[in-house]
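Taking it in order: structure first as structure tokens, then the write-up.
As the structure lists them, so they are numbered: ligands from 1, and atoms in each ligand from 1. FYI, the numbering just counts along the sequence from 1.
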Amino acid sequence: MPKQLENGRDDSIRQPALEANPRCRFCDAPLEHIFVDLGMSPLSNAYLKLSELARMERFYPLVVFVCGQCFLVQLEEFESPDGIFTDYSYFSSYSESWVEHARVYTNMIVDRLKLGRSHRVVELASNDGYLLQHFVAKGIPVLGIEPAANVAQAAIKNNIPTKIEFFGESMARRLVDDGSGADLIVGNNVLAHVPALNDFVKGLKILLKRQGVITLEFPHLMRLMDENQFDTIYHEHFSYFSFHTVRQIMAAHGLSVFDVDELSTHGGSLRIYLRHQEDSSKPTEKRVDDLAARETAAAVADLETYVCFGEKVKQTKRKFLDFLITAKNEGRSVVGYGAPAKGNTLLNFCGVRTDFIDYTVDRSPHKQGHFLPGTHIPIHHPDRIMETRPDYVLILPWNLTDEITAQMSYIRTWNGRFVVPIPEVKIL
Ligand SMILES: [Zn+2]
């Protein structure tokens with residue numbers, strides 16, 4: 001008798017991930033330790049249309065593990081990357097400070113590597129061309145690789161050559177066979193989003209020319225822990241890296257970190273500079289050893305450092321709810337500013353809906369008129385704040401606080417106050 005008839009149900013519909021113990025995305029050790037459990041949450045970029053509000057919404061567990069062997073902090077993959085990234089609502093060009101960050105980076109790296117018309121720059125997750133446009137303006141040949149079709153089309157429209165594809169070993173081989181090796185590979189905020197981490201890093205090794213350089217930017221796990229940035233955890237963000245762990249991963253694939261910058265972007269990021277292990281033309285900078293020493297002092301290779309993070313997160317939730325409950329009891333109005341992925345983690349974890357926050361606003365026309373996933377808070381044009389004069393404006397993309405408080409300083413004219421939720425709730 002077929003198995004599914006014996007017990008009255010069809011086993012084939014169960015997800016394999018639920019049956020097997022999850023394993024580390026890098027070193028394949030079984031994942032036995034929880035870093036933090038943020039409950040059930042929808043995908044943080046699954047913004048809803050009005051017509052979708054009455055339908056069932058998919059929620060997935062947001063449970064983060066830490067590998068006891070390599071200390072890679074990671075999520076299981078619950079949704080196929082296609083489902084997550086083919087219609088991605090984040091257009092990098094809508095953030096002024098991010099476009100400026102890209103311009104400053106371009107000038108620095110072109111100067112440092114003496115890049116010119118004979119070189120080629122490849123950017124992975126090139127989004128709408130916010131970065132490559134600066135290389136194009138200098139006459140340097142570029143190629144963007146971007147799996148989200150809608151943002152990639154925006155780049156192509158602006159004459160930035162872009163392939164709509166996921167990057168990995170097989171794509172890297174095809175590019176090299178076509179004579180498209182890279183002198184510089186740029187990956188800003190892509191490493192964390194890669195489900196097949198080893199395949200991606202193998203691709204980097206293959207695509208890089210013999211004396212080429214790779215720069216990768218990603219949020220620094222040590223800062224996430226120090227500054228309690230648990231809202232930067234979401235399903236689309238599979239891995240969270242310390243410098244210690246990322247160096248191990250790169251070394252396993254024949255790449256060496258020879259320099260590192262600590263950046264203020266996304267609440268504290270690292271930019272690592274990689275070369276082939278065989279390339280002796282680039283000495284390792286002192287900054288590499290300095291950061292490694294600081295991480296050792298912060299016990300990043302000690303499991304205990306990771307397993308106590310969850311309690312800190314629960315405390316932050318209680319303080320945030322305390323602020324909201326008090327504000328509402330006093331009859332004050334609270335609205336949001338921004339509709340970033342991190343806001344969705346925070347609001348879903350804390351169970352905050354339109355009972356506390358009337359609406360949020362976002363500058364991106366692709367988000368306006370939509371609703372936040374899970375919490376169904378409406379997203380309006382920023383002018384709405386001027387019209388409704390709320391008492392509190394909660395800044396969800398707290399990493400852009402300076403930019404936003406400068407743009408929105410007019411809320412002071414009616415004694416409006418800004419509030420940031422992280423590292424813990426604070427009225428500015
Ligand atoms: Zn591991």
- Task: Using side chain to side chain donor-acceptor pair (under 3.5 Å) as the criterion, list what pairs up with Glu165, not counting sequence neighbours.
- Result: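 Side chain to side chain donor-acceptor pair (under 3.5 Å) check on Glu165 returns Arg174.
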
- Rounded to the nearest 0.5 Å, what separation is found between the NZ atom of Lys314 and the CG atom of Leu38?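 Those atoms lie 11.0 Å apart.
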
- Consider only side-chain N and O atoms of Lys49 and His370, and report whether a donor and an acceptor are under 3.5 Å apart.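 On atom types as modelled, these side chains do not qualify, holding no pair under 3.5 Å.
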
- Task: Examine the side chains of Tyr105 and Thr215 and answer whether a donor and an acceptor come within less than 3.5 Å of each other.
- Result: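 Tyr105 vs Thr215: donor-acceptor pair found between side chains.
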
- Query: So is Arg112 actually on top of Tyr273's ring, under 6.0 Å and inside 45° of the axis?
  - Reply: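 So Arg112 does make the cation-pi contact.
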
- Item | Cut-off under 2.8 Å, centre the Zn ion (ligand 1), protein N/O/S atoms |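 Those protein N, O or S atoms (cut-off: under 2.8 Å from the Zn ion (ligand 1)) are Cys24 SG, Cys27 SG, Cys67 SG, Cys70 SG.
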
- Task: Compare all side-chain heavy atoms of Val425 with those of Val420 and state whether any distance is below 4.5 angstrom.
- Result: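 A side-chain contact under 4.5 Å is absent here.
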
